[in-house]
Amino acid sequence: MKRIGVLTSGGDCSGMNATIRAVVRTAMNTGVEVVGFQKGYRGLIDRHYEIMQNRSVSNVLQRGGTFLQSARCREMLEEAGQAIAADTLKGLGVEGLVVIGGDGSLRGARALANRGVRVIGIPASIDNDISHTEMSLGVDTALNNIIYAVDCLKDTASSHDRAFVVECMGRNSGYLTLAATVASGAEHAIIPETPFDLEAICASLRRRYQEGRFNSIIMVAEGAGSAQEIAARIKDRIGFETRVMVLGHYQRGGSPSAFDRLLAARFGTAAVEALLAGESGKMVGLSSGAMVLTELDLVLASGIRPIDRMMVQLADKLT
Ligand SMILES: Nc1ncnc2c1ncn2[C@@H]1O[C@H](COP(=O)(O)OP(=O)(O)O)[C@@H](O)[C@H]1O
Ligand SMILES: O=P(O)(O)OC[C@H]1O[C@](O)(COP(=O)(O)O)[C@@H](O)[C@@H]1O
Ligand SMILES: [Mg+2]
């Protein structure tokens with residue numbers, strides 16, 4: 001293999017730059033050239049790319065976002081767009097492609113694999129909704145962002161005797177919300193994977209107030225409802241002063257945590273080594289501390305990563 005490609009696609013996350021660096025350094029150190037495609041699959045369709053040098057990835061490891069930029073590219077959903085993308089790779093003599101992105105991007109990778117492109121996917125999404133990996137890239141940094149925000153909110157909540165409803169990202173997954181609830185000591189988590197009973201939450205908040213605990217944090221996953229609406233319903237029921245914080249895209253940015261930097265190094269290197277070993281149509285993942293390869297067909301057929309019931313119980317036990 002003389003030349004491979006790399007791109008970042010879908011919602012950006014912290015650790016993407018460190019992963020590109022690992023791909024470029026691993027490939028170049030074995031004499032393989034790397035083409036970086038800009039804005040995800042859009043770069044393949046519009047032929048926007050740059051030939052990577054070692055210095056292209058100097059001083060990027062610690063930066064959030066992705067210097068190759070990312071995009072959601074509708075054309076890639078159609079056969080015609082996928083054909084153009086595969087032709088671009090063929091025309092440039094790119095013999096293998098590393099796709100760094102979420103579940104949607106991995107579907108795009110599989111579409112290319114079905115067209116004969118050698119491709120390896122790297123799971124990267126703050127949602128942690130991809131199966132066959134214990135963690136996706138960017139999740140740990142997003143969690144750290146959330147718990148920092150909740151720590152700050154707790155200071156002001158306790159100074160004013162207020163309840164805060166905090167909305168976290170996660171599309172259809174409650175992982176971030178649930179993990180952040182346990183890690184920050186928030187009172188309740190409302191997530192799409194488990195039915196929630198607002199009456200029970202209000203009763204628990206009332207009990208807290210009767211015990212002299214006049215502030216509380218309720219975490220809501222965007223897929224389970226809107227913080228604004230839930231805060232209004234809580235206020236209507238129990239009359240306590242409530243405030244809302246929608247964390248939004250803040251969660252996706254910032255310098256990657258040590259965990260994400262290490263994961264980036266391992267994912268990036270494992271993906272290039274898999275391509276060089278002749279593998280294709282697979283995703284690298286983290287399983288019991290080791291790097292594993294799983295068929296994209298299996299990853300995508302497994303659907304959204306199930307929520308950890310132990311974590312749900314933990315959040316309940318520690319309320
Ligand atoms: N079923 C699919 N087939 C081909 N390409 C897809 C498919 N789903 C998503 N993609 C491509 O991957 C991009 C990113 O997907 P998206 O779901 O938005 O983000 P993420 O990869 O972070 O989950 C899409 O904009 C599209 O270009
Ligand atoms: O960046 P956008 O287009 O506003 O999309 C927001 C969505 O992207 C995410 O931040 C990340 O999701 P993906 O990794 O699947 O792209 C979701 O949590 C959120 O629902
Ligand atoms: Mg996704």
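Start at 1 and go down the list; that is how both ligands and their atoms are numbered. Quick note: numbers below take in every heavy atom, side chains included, and nothing from hydrogens, waters or symmetry partners.
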Legend entry - Backbone N/O of A109 and side chain of Y41: donor-acceptor pair under 3.5 Å: yes
Inset, instruction - Look only at interatomic distance and state if G102 has a nitrogen or oxygen under 3.5 Å from any nitrogen or oxygen of ligand 1. - result: yes
Inset, instruction - Enumerate the atoms of ligand 1 whose separation from the nearest heavy atom of Y41 is less than 4.0 angstrom. - result: 11 (C), 12 (O), 27 (O)
Inset, instruction - Identify, for atom 5 (N) of ligand 1, the protein heavy atom at the shortest distance, and state residue, atom and that distance. - result: G108 CA, 3.3 Å
Inset, instruction - Carefully, step by step, assess S136 and S125 under the rule side chain to side chain donor-acceptor pair (under 3.5 Å). - result: CA-CA 6 Å; S136 289; S125 166; over 6 Å; no
Inset, instruction - Among all protein heavy atoms, pick out the one at the shortest distance from atom 25 (O) of ligand 1; state its residue, atom name and that distance to 0.1 Å. - result: C73 N, 2.7 Å
Inset, instruction - Can you pull out the closest protein heavy atom to atom 14 (O) of ligand 2? Residue, atom name and distance to 0.1 Å, please. - result: S125 OG, 2.7 Å
Inset, instruction - Identify the protein heavy atom lying closest to atom 17 (O) of ligand 1, giving its residue, its atom name and the separation to 0.1 Å. - result: G104 CA, 3.4 Å
Legend entry - Taking every non-hydrogen atom, the tightest pair across L247 and A149: CD2-CB, 3.7 Å
Legend entry - Closest protein heavy atom to atom 9 (C) of ligand 2, given as residue, atom name and distance to 0.1 Å: R252 NH1, 3.4 Å
Legend entry - Closest protein heavy atom to atom 21 (O) of ligand 1, given as residue, atom name and distance to 0.1 Å: S105 OG, 2.5 Å
Legend entry - Nearest heavy-atom neighbours spanning P256 and G15: CB-N, 3.8 Å
Inset, instruction - Write out the residue and atom name of the closest protein heavy atom to atom 5 (O) of ligand 2, then the distance separating them to 0.1 Å. - result: R72 NH2, 3.0 Å
Legend entry - Close side-chain approach of Q251 to L176, heavy-atom, < 4.5 Å: yes
Legend entry - Pair S14, T141: side-chain N/O donor-acceptor within cut-off below 3.5 Å: no
Legend entry - Distance-minimising heavy-atom pair for L286 and F267: N-CE2, 4.0 Å
Inset, instruction - State yes or no: do L300 and V99 share one hydrophobic cluster built from I, L, V, M, F, W and Y residues joined by side-chain heavy-atom distances below 4.5 Å, directly or via other members? - result: no
Legend entry - Cluster link M291 to L298, ILVMFWY, side chain under 4.5 Å: no
Legend entry - Any N/O pair G11/ligand 2 closer than 3.5 Å: yes
Legend entry - Distance (rounded to the nearest 0.5 Å) between L97 CG and R3 CZ: 13.0 Å
Inset, instruction - From the options H249, E222, M169, select the one whose nearest heavy atom is closest to atom 4 (O) of ligand 2. - result: H249
Legend entry - Contact check: G170 vs ligand 2, nitrogen or oxygen atoms, below 3.5 angstrom: yes
Legend entry - Whether Q82 lies under 4.0 Å from ligand 1, heavy atom: yes
Inset, instruction - Report the part of Q251 in contact with ligand 2, treating N, CA, C, O as backbone and CB onward as side chain, heavy atoms under 4.0 Å; options are side chain, backbone, both, neither. - result: neither
Legend entry - Protein residue, atom and distance nearest to atom 23 (O) of ligand 1, heavy-atom basis: D103 OD1, 2.6 Å
Legend entry - Closest approach of any protein heavy atom to atom 13 (C) of ligand 1, naming residue and atom: S9 OG, 3.6 Å
Inset, instruction - Could you tell me whether any N, O or S atom belonging to D103 is less than 2.8 Å from the Mg ion (ligand 3)? - result: yes
Legend entry - Protein residue, atom and distance nearest to atom 18 (O) of ligand 2, heavy-atom basis: D127 OD1, 2.6 Å
Inset, instruction - Select the closest option to atom 19 (O) of ligand 1 among R74, R72, M76, E75, judged by heavy-atom distance. - result: R72
Legend entry - For G10, the ligand 1 atoms whose distance to one of its heavy atoms is below 4.0 Å: 14 (C), 19 (O), 20 (P), 21 (O), 22 (O)
Legend entry - Distance from atom 2 (C) of ligand 1 to nearest protein heavy atom, with residue and atom: R107 CB, 3.5 Å
Legend entry - Partner residues of F214 under the ring pair (Phe, Tyr, Trp, His ring centres under 6.0 Å) criterion, sequence neighbours left out: Y209
Legend entry - Nearest-contact summary for atom 22 (O) of ligand 1 - protein heavy atom, Å: G11 N, 3.2 Å
Inset, instruction - For G102 and ligand 2, answer yes if some heavy atom of the residue is under 4.0 Å from a ligand atom, otherwise no. - result: no
Legend entry - Heavy atom of the protein closest to atom 15 (O) of ligand 2 (residue, atom name, distance): R171 NH2, 3.3 Å
